[in-house]
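Chain letters run A, B, ... following the sequence lines, proteins first, then strands; residues in each count from 1.
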Amino acid sequence: MQDDKTSAAPAIELIDICKSFGPVRANRDVSLRVEPGTIHGIVGENGAGKSTLMNVLYGHYQADSGEMRVAGQAVILRSSADAIGLGIGMVHQHFMLVSNMTVLENVMLGSEGGPLLRSGKRETLNTLKRLADDYGMEVDADAVIADLPVGIRQRIEIIKAIKGGARILILDEPTGVLTPGEADKLFEVLRALQRNGVTVLLITHKLDEIMAITDAVSVMRHGEIVGHRRTQDTSPAELARLMVGRDVLLSVDRGSANPGEVLLQVSELACTSSRGRQVLSDISFDVRSGEIFGIAGVSGNGQTELLEVIAGMRKFEAGSVALLGETITPGAPKTPAQIRDLRVAHIPEDRHQFGLILSFDAKGNAILGYHQSADYGSGYFLDEDAVATHCNKLMSDHDVRPGNPALAARNFSGGNQQKLVIARETDTDPKILIVGQPTRGVDVGAIEFIHRQLLALRDAGCAILLVSAELDEIIGLSDRIMVMNGGRQMGILDSADAGRDRLGTMMAGIAEAATP
Amino acid sequence: MMSEFAFQFLLTLDATLRVATPLILCAMAGIFSERSGIIDISLEGKLLMGAFVAATVASLSGSVWLGAICAIASCVVLALIHGFACITHRGNQVVSGLAINMLASGLTVTVGIALFRQGGQTPPLGNTERFRPVEWWFVDALDAIPVIGPIYRELISNHNILVYVALVMVPVTALLLYKTRFGLRLRAVGEVPEAVDSAGVSVTWLRYRAVILTGLFCGLAGAYLSTAQGAGFVREMSAGKGYIALAAVIFGNWRPVPVLLACLLFGFLEAASTRLQGIDIPLIGEAPTQLMLALPYIMTVLLLAGFVGKSTPPTAIGEPYQK
Amino acid sequence: MTSAPPLPRWADVFVLPLINLFVALSVCGLIVLALGENPFVAIQVMIKGAFVYPGSLGYTLYYTTNFIFTGLAVAVAAHAMMFNIGGEGQAYIGGLGAGLVALWLAPMAPLVLVIPVAILAAALFGAVWGLVPGYLQAYRGSHIVITTIMFNFIASAIMVWLLAGTLMQPGQQSPHTAQFAVSGQMPKLHDMLNALSFNVAASPLNLSFLLALAALFGFWVLIWKTRIGYEIRAVGQNPKAAHYAGINVPLVIVFALAVSGACAGLMATNEILGVQHRVVLNFTSGYGFAGIAIALMGRNHPVGIFFASLLFGALYQGGAELDFEFQSITREIVLLIQGMIVLFSGALAYMFSAPLARLLARVLVRSKPVEGEA
Amino acid sequence: MQNILRIIVVGIFAMLSGTAWAEEFKPAVVYDMGGKFDKSFNEGVYNGIKRFEEETGVKVMDFEVTNETQREQAMQRMAKRGATVILGVGFAQADAINKVAAEHPDKKFAIIDVSWLDQPNLRQYAFKEHEGSYLVGMAAALASKTGKVGFVGGMDIPLIRAFACGYVQGVKKVKADMDVLQNMTGTTPAAWNNPGKGAELAQSQIDRGADVIYQAAGGTGIGVIRAAADAGKFSIGVDSNQNHLAPGSVLTSMLKRVDVAAYETMKDAMSGKFDTGVRSLGLAEDGVGWALDEHNAKLITDDMKAKIEAASADIVAGKITVHDYRSDSSCPN
């Protein structure tokens, strides 16, 4: 099936692939060529459409339109089985491993070699041995998955993907959960695969990995491919800029900040995820009244966890957070309600998961988090008229359209949903505002409106902590900028000193700037 | 005196086996469905339907085997309804199970009255319309031997053929689950259906096969109730046994051999409570039969709450699979 | 990933449930046909039996009362996305509470004191029986469905033990308590109306019916008008957002289950205080499970629950009439109808959703554009 | 024209006055939860009703209750449908009939197995089950080879204790040191309808050495009879003649002539001889007895038959008094 190198038919060729989920267009006219025997990177922010694309390629989803060719042949994949038959293997972001089964059983799954397991087992053991010899991927066949470290689990995923002689291997965010050492081991394996003629597609948002291992790279943004580069011809900074885009052009003159007292102080914060991975380590900074403190970084480098810790939504292991003089420590935590009562407002990163209850109408969402306030009722009861009045006021003040408090939140456009969340959180005249991704999935008109509001709030003396993956947004709004990478802070810059290139390289975790 | 006690204990064990048989078959049925990720609280309804159809067909045709086959078929139909709702239409598995339990309650009595006009019962079944106990070889010859003789006669021989079938079904289930391709995929689909899908195996078809097996085993259990242990169908004769079997599945952590032990334990509680009824036990007083009958439920609650042991249900149970 | 156009709200709330009900009844009609009877005649008999004969409306509303309470029990929990199928056990234990109060207090206190206390006891006992599974779900992670099933059986064992033991009326043949003194008996509506010189046929319908209507109203207020109701709905619709909003999610779950259990417990006021006037075995006789069908059909809304309860009340009362009229159909057909309704309105609720949406989209396409589309 | 007018007037008058105008005889019976084909108590009543229907050609309305509320409701319905005499089956209907009878003083009511109510229009049947049980107890003792016999009751209530007590007295009359194993199926009405458990209880008694088992357990008893037949032992039927259920294994049946009571009720009501009050039916009244027919003829030896009939005569004559458990809630042995 593999032609000689001379024929040079692309291992994979996608032409104008489109895929929508309901109203959400996950992939728009995606075209991609992957040369055989290369390691091809695909980078992009969360939600850029990378995983959808790969699932289309793996037959898990069917594209709405577009063409796909494998080794020059046009193919139609109806299921994963078709993809497997064409020699495509995939390692998913979330491991497809059954944790209470053994390594051997997991590897056999789907290719048991007969109705009884016995003969298949022997064969699979041979395969495991061969792969261990060829690629140095040694595993204990009888170990139960649950007992194995993440790195080994991923190795098993790779074994599963290539055991049947796959010529194309797709890896979706393979290093997201790996330690640096484990990631290095993974790269060795990938190189060995490449030497054996396997084409590798590597999806990641970690730029250093792209630079370290790929031959070529495609950048995705908002469901589209925004650039193809040969790795040797590009730089992390360029990729970072491509990823986070430059379509957000800030026309607002933000004027100079007038910082006052420190309202929010984070000291030596450390936090581990429920899976035991260190997601924040040694984070320290402070935010003053009247300033916007921006946190730059590619998504998934600890920003989410940082916001959640400050908002009282996540337990943490060490350090402290001081909000308006009240100190939270792991031993003395506060609930989100207690923190909100301190007049700390929180615009969450993901409005669909946290900021809104989509099935509730706009009224109901207008008081989410403030439903215990005396403004919206007395005693145990909610005063519907007061809520409706409040919602109407929010909607007209913040230009939420349509201005219908009885319309369910899911029926508003993304921009108007976000305006509603921002309206709710800023209307209380907060002392501290923590904001995550304020303009993600928001149309251009609304972006400007939202930016103006944040600045007005700053000028009114609010301390704003802003997390955004949009580099231009961070640069355009922030007075000071902290860059995060891998759960650590890479440095804090005055926005006057923060050029795109400098931030880009810091975001890629490459250079660490001196802390002013 | 002591040997009399031992003999009584032996007989209680013997009764345990008889009482536990429908539990074992139902629980093995439950293992298939639940291991594939589909909650099945309709074991009860299927058991009832199986019992009804087995007795009805046996009574009308005179053939107990035809009765058992039809019982299995009817339970498979119910299982397919469950599958259609839960797998194809991704409906709520608990609601679907409840619906099937209600349907079974209503249908058995309605059809029973229409057919036999006996208040929902079938006529009593004659000997040819029932499964009969099977006497093993050398029972009389071994009688003379102390200990082994009585054990052989009472505990091992002279059981109904379906009792042996139920016992055989446990290793069959275990082999199916742990030694075959189907079993490997079944175990995987209840944990991580995405893994099965991405390995190129149809989740839908796999789960359908699992519920069909559930129907099959439930049909046998139903046939045992009305044509082996009993001699005819009476309304609501499943009397919560399906739920006890479900409790046993949970208690046995969804694994065949522990589930068997749980069934035997629950069966023993029932057999013992029957025998201890009204008897004063030293220190305890009158045997607390209600407590003994409720013990399976109480133990299951404690287990689920993590107060005794740990229950690890299949990870994907209860969640419809959507790509 | 079949993405049908969204179903208009009115169609979702009215048309879809009616289609589901129609399909469920049609299947039952086919079964009646198979039994050799005319389903239309059967329906006529049921309607007459439920509404037309003297006193039949009273019986219908008496059954309706039970269904309102158990339907509410399921609905309250459902708003917190909890599946309470323990209504049966909660009502049973609620009956114990009402019974204990009526037995002990009635001989020495007037009705105006005994009845309210007994009602409270019913609610309280039911609440406890709902709260425990709620706690185990919220704080220990036990599956609420399995726990409530088990609690039904445990309740049943406790009641048998008590009614055949300590609480059994001495010298009696069957396991039930002694009859309550008159001040422990909920007044019958026909007695009250007759006292006001309206001439109404006797039926078991009693003041509990008004309590049920009040509970429906209270439920509406609780869920849609109070802060805690807001929290319950928020937890049910999006627990993550609820956590973000500072809501104590596990506590709200426990609270919802306690209210749910209390509603189920109140069913005992109708059966025990209103009709039996003593605690009897198995007085719940499946009403708790039927509550699931009620809540599913009524879309967890008080108006829907009322009409669904009325439908089921009519089915129960009219179903008894089938026994008189037909040789081959008995009231067990009602169980069958109940099962079909749960199947089609519950498990297969959305089977007709996508086709209906497509049909409506085709019909309505020219009428007006949808507002606020993303 | 006048004729038509007269018809109309009479018709209207008839509609208004309902029952008062031509008192038509309309009998009704309300069976209890076991249903009229329970092979036992309810079926006995059904047999009596059937005989009445066949002899007179009058159709008897009937209803089988399936839940607690329906007892009263069914009787009310029967009364409203114009029933002139309503028969309730079993003590569970006592409360309901007490109430409905009071509300309908113009109608006649009868109930079986109840003796404690007080309504002027109510006839109550009480049976001396202990006398019949005494006779089958003798039969059991005479037929037993192991020296142990058993008793399986349904729900544990005084009525069933009376069965057991009479049985024990009969057994001891034959052989004073004989063991009688006793079990009750349960404490709830479900105990009447659990043949599986009945079979288990019988098996446990057989395991302990009993070779004749008397059951008074409604539908549960079917399981007892089956288990005894499977094990090659004897069982004794109850209420109806159950000898045919397992010919050669059912030793005899304790007859409780509820069919007679039902037939008599209807017949008396039809002929206007319906008197109220408590009717106590024992051996003397032929209300209880033991069954001997072609199915068990081979099992009952002449000697057994002679001894049982002698005892029966003695009881009728008052030479033997069988103690009724219900009189003092205790059994002499």
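None of B:V77, B:I39, B:I100 except one satisfies the side-chain contact (heavy atoms from CB on, under 4.5 Å) rule with B:H82; the exception is B:I100.
Ring centroids of B:F217 and B:F32 are separated by less than 6.0 Å, placing the two rings close together.
Using the six-membered ring where Trp is involved, B:F251 and B:F266 have ring planes that are tilted, between 30° and 60° apart.
Options A:N100, A:D82, A:L97 differ in how many heavy-atom pairs under 4.5 Å they form with chain B, and the most are formed by A:N100. Looking only at heavy-atom pairs under 4.5 Å with chain B, the residue among A:P115, A:G120, A:S99, A:A81 that has the most is A:P115.
When heavy atoms are compared at a cutoff of 4.5 Å, A:N55 does not approach chain B at all. With a threshold of 4.5 angstrom between heavy atoms, A:I84 approaches chain B through side-chain atoms but not through N, CA, C or O.
A cation-pi arrangement, defined by a distance under 6.0 Å to the six-membered ring centre and an angle within 45 degrees of its axis, is absent between B:K241 and B:Y243.
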